[in-house]
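Taking it in order: structure first as structure tokens, then the write-up.
Just so you know, these numbers come straight off a predicted model, no measurement behind them. Every chain is numbered from 1 and lettered A, B, ... according to where its sequence line falls, protein lines coming before strand lines.
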Amino acid sequence: MNVWPYQDKSFTTEEIAQKLLGCLLVRESPEGLCGGYIVETEAYLGVKDQAAHVYGGRRTPRLEAFYREGGIFYIYTLHTHLCLNVITQSETQPEGILIRALEPAIGLDIMAQRRHKTGKLLTNGPGKLTQALGVDKAQDYGSSVGESPLRIDFLKRKVPKLVGKAPRIGIPNKGEWTSKNLRYFVEGNPYVSDAKGAKDSSRDWII
DNA sequence: AGGCGGATGTTCT
DNA sequence: GAACATCCGCCTA
């Protein structure tokens, strides 16, 4: 059975963010099944993290998922796009992980239809991957990552050869939190959102 | 009512 | 590959 493997809270959010790399994110829809391997994540460390939505203990209707159990999706709207996050801890410890990029693996034709794009442009950004998968806020917000139309397969995973660490994207003026290396990615994978060259795609996975 | 949040896609070298 | 126009819902005032 495919369930949230970090229920016992014995792992930090930073650790889980790295463990999610290589896991298969899939989405079931009337159009068919599609999905890809997670290649880029960012950790958001709760009320003390100036870049987190819940910084300072903020609690508003859209943030409710943070104050529930780990292993559910938190989805927020950014202009026209949706950003997909996994809640990692507990009611009293509102932390989460932003999924920033996928390597397409299943239903490439369906994703291309939704994106009107192909290749890297399919899923190499947080808003692009939600569009490619057909993520729907009303349907997927708060749903379980283990068994829902939108879910993560923690078993059939690839193993990154090398995990890169870097500061998170787009959070200037957040004090020390701006420069912390809380962004993780599969080194050399061409689908990482700011991968420039994208040449060395042969050396990204062990398996 | 107004401002903020960041990602996308186009257009220009 | 860098610059910029555009996108709109949630919160705070």
- Query: Could A:R151 and A:F73 be counted as a cation-pi pair, given that NZ or CZ must be under 6.0 Å from the ring centre and within 45° of the axis?
  - Reply: no
- Does A:K9 use its side chain to pair, donor to acceptor, with the backbone of A:Q7 at less than 3.5 Å? yes
- Among C:dC8, B:dA7, C:dC11, find the nucleotide with the atom closest to the side chain of A:R62. C:dC11
- Message: Need one value for A:R100: base, sugar-phosphate or nothing, where a base atom within 4.0 Å counts as base even if backbone is also close, heavy atoms only.
- Response: sugar-phosphate
- Between C:dG9 atom P and A:D136 atom CG, what is the distance in whole Å? 14 Å
- Message: Classify A:R168 by what it touches in the nucleic acid, base, sugar-phosphate, or nothing, heavy-atom distance under 4.0 Å.
- Response: nothing
- Query: Does NZ or CZ of A:R100 come closer than 6.0 Å to the centre of the six-membered ring of A:F185, within 45° of the ring's axis?
  - Reply: no
- The nucleotide from B:dA7, C:dC8, B:dG9 with an atom nearest the side chain of A:L78 is B:dA7
- Note on the structure: Of C:dG9, C:dT12, B:dA7, the nucleotide closest to the side chain of A:R58 is C:dT12
- Assign each of A:K137 and A:H81 to its nearest nucleotide of DNA chain C by heavy atoms, then name whichever residue's nucleotide is nearer the 5' end. A:H81
- Message: If I take atom CD in residue A:Q131 and atom P in nucleotide B:dA7, what distance separates them, rounded to the nearest angstrom?
- Response: 15 Å
- Message: Just to be sure I understand the rule, does A:I169 reach a base, reach only the sugar-phosphate, or reach nothing, if contact means heavy atoms closer than 4.0 Å?
- Response: sugar-phosphate
- A:K165 charged N/C atom sitting above A:Y184 aromatic ring, 6.0 Å / 45°: no
- How many Å lie between CG on A:N124 and C1' on B:dA7, as a whole number? 11 Å
- Message: In this structure, how many angstroms lie between the C1' atom of C:dG1 and the NZ atom of A:K120, rounded?
- Response: 11 Å
- Query: Does A:T60 place a side-chain N or O at less than 4.0 Å from the phosphate oxygens OP1/OP2 of C:dC10?
  - Reply: no
- Item | Interatomic distance where CG belongs to A:D194 and P belongs to B:dA7 [whole Å] | 11 Å
- Query: OP1, OP2 of B:dT8 versus side-chain N and O of A:R115: anything below 4.0 Å?
  - Reply: no
